Amino acid sequence: MDTKHIRIKDYNYDLPDERIAKFPLPQRDQSKLLVYNHGDISQDVFTNITRYLPQGALMVFNNTKVIQARLHFRKDTGSLIEIFLLEPALPADYEQMFQTTNACSWYCMVGNLKKWKMGALTTIVDIPGQPPVTLTAERDLSCDTALKIDFKWTGADKLSFAELIDKVGELPIPPYLNRNTQESDKTTYQTVYSKIKGSVAAPTAGLHFTQRVLSDIDQHGIDREELTLHVGAGTFKPVKSDEIEGHAMHTEYVSVRLSTLEKLLKHNCEAIAVGTTSVRTLESLYYMGCKVMADANIALEKLHVNQWEPYAPTAINIEPAEAIGQLIAYMQRNNLPTLHSSTQIIIAPGYNYKIVKRLVTNFHQPQSTLLLLVSAFVGGKWKDIYRYALDNDFRFLSYGDSSILIP
């Protein structure tokens, strides 16, 4: 199959607005679970997911945490300007960024930009028990898809950027929910195992897990491991080109511990992925290992996986265990306890999965790259799965129901 010439209109389906879950269920693990098992489709309740997980398997979760990425400023003229944080510019490292205490720069999307031609925007932040904080934003450079914005804040002593946006920012919920963020979203739009701040959208397959389900997984002798992929706003970017060759995938930042790669190797480089973000990370690790195989001294930044790399006729084709082994050796040689890299991988029909053997995922938007990823995983049977979900009252998208896919 020539993946680049896939027509996105072939991945359309009718999704009525009333099928989009506007809010989650009161108990997250009581959502429905569609089970696709070697072509057979049935349904269950999410709390029973361990029935479909083989003992001794490795289950991989994305522990990213959604940040309060929407900042609102009002100009003297009364115009409201929204600044949406996309990714750190200076410092570029997420961890360092959230620890900065007086200034930083981000690449951002800006709402109502035409009303903000020049000059600084200012807002006052009231923090109980501390002097008010003055936050200013100034326009810097434009790049392809975003503006670089410089932030400065004064007032409270040693207030980190992480603490600041927790006070002044708003949690970004998906645009298709067509509603304002509510206080409850601060809890329900985070996974119970979220730890590492950096996403502007939740890895929503993880929203169904509770401590009860996680304990059940442990008791069933299933290994759990975490990695981090910070979900970018590009996850909602519609495919506007007729063929997917014309769609530019967004870059997302990943960090994976050496111990996670060693665990993966012990499991014969086979994993159950929770969510498409875990899929994209795990499959990208294979191609990073191939790069190390080709050049043992490759610079860290060159491990970035490009959109079409897996489909190149010149792509190295080695066993997953060899690729992951190469990556482990690279990290050991370079004294890297954690691999920080990035990926633009697009997974679409014609892609050959290397590491992910089972997938837990929600139901995705029509004509989205996530639907292409699912189709590639189930050998093109996505229509059967989605027809079943629509016919059986499943709830769709971020706050909707779940599925486990066993191809």
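Treat the numbers as computed from the prediction; the structure is a model and nothing was measured.
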More than 12 non-hydrogen atoms from neighbouring residues, nucleotides or ligands closer than 6.0 Å to CG on Asn180, yes or no?
no
Can you tell whether the side chains of Asp10 and Lys383 come within less than 4.0 Å, N to carboxylate O?
no
Taking atom types as modelled and ignoring hydrogens, do the side chains of Ser398 and Thr204 form a donor-acceptor contact shorter than 3.5 angstrom?
no
Looking at Glu95 and Lys197, is there a salt bridge between them, counting it only when a charged N and a carboxylate O are closer than 4.0 Å?
no
Residues, nucleotides or ligands: over 12 heavy atoms within 6.0 Å of Lys22 NZ:
yes
Can you tell me if CD on Gln182 sees more than 12 non-hydrogen neighbours from other groups inside 6.0 Å?
yes
Tell me whether the count of non-hydrogen atoms from other residues, nucleotides or ligands lying under 6.0 Å of NZ in Lys152 goes above 12.
no
Would you call the rings of Phe396 and Tyr13 parallel, tilted or perpendicular, taking 30° and 60° as the class edges?
tilted
Can Glu262 and Arg257 be counted as an ion pair, charged N to O under 4.0 angstrom?
no
Classify the side-chain pair Asp401/His208 by whether it contains a donor and acceptor separated by less than 3.5 Å.
no
Which label fits Phe151 and Phe161: parallel for a plane angle under 30°, tilted from 30 to 60°, or perpendicular past 60°?
tilted
Could you check whether Thr343 and Tyr253, counting side-chain N and O atoms only, form a donor-acceptor pair closer than 3.5 Å?
no
Would you say that more than 12 heavy atoms from the other residues, nucleotides or ligands in this model lie under 6.0 Å from the CG of Asp242, or not?
no
Angle class for the Tyr94/Phe98 ring planes (parallel below 30°, perpendicular above 60°, tilted otherwise)?
tilted
Over all atoms of both residues, closest heavy-atom pair of Gln344 and Asn306
OE1-OD1, 3.8 Å
Of all residues at least two apart in sequence or in a different chain, which pass the side-chain contact (heavy atoms from CB on, under 4.5 Å) check with Asn317?
Tyr286, Lys354
For Trp116, the ring-ring contact (aromatic ring centres under 6.0 Å, His included) test, sequence neighbours excluded, returns none
Is the ring pair Tyr386/Phe363 parallel, tilted or perpendicular, if the boundaries are 30 and 60 degrees?
perpendicular
Are Lys4 and Trp308 in a cation-pi contact, defined as NZ or CZ under 6.0 Å from the six-membered ring centre and within 45° of the axis?
yes
Determine whether more than 12 heavy atoms belonging to other residues, nucleotides or ligands lie under 6.0 Å from atom NZ of Lys75.
yes
Looking at Arg7, I'd like to know if its CZ atom is crowded, meaning that more than 12 non-hydrogen atoms belonging to other residues, nucleotides or ligands lie closer than 6.0 Å.
no
N-O pairing of Asp14 and Arg19 below 4.0 Å
no
Lys186 and Glu183 ion-paired at < 4.0 Å:
yes
Looking at Ser278 and Ala273, what are the two nearest heavy atoms and their distance?
CB-CB, 4.1 Å
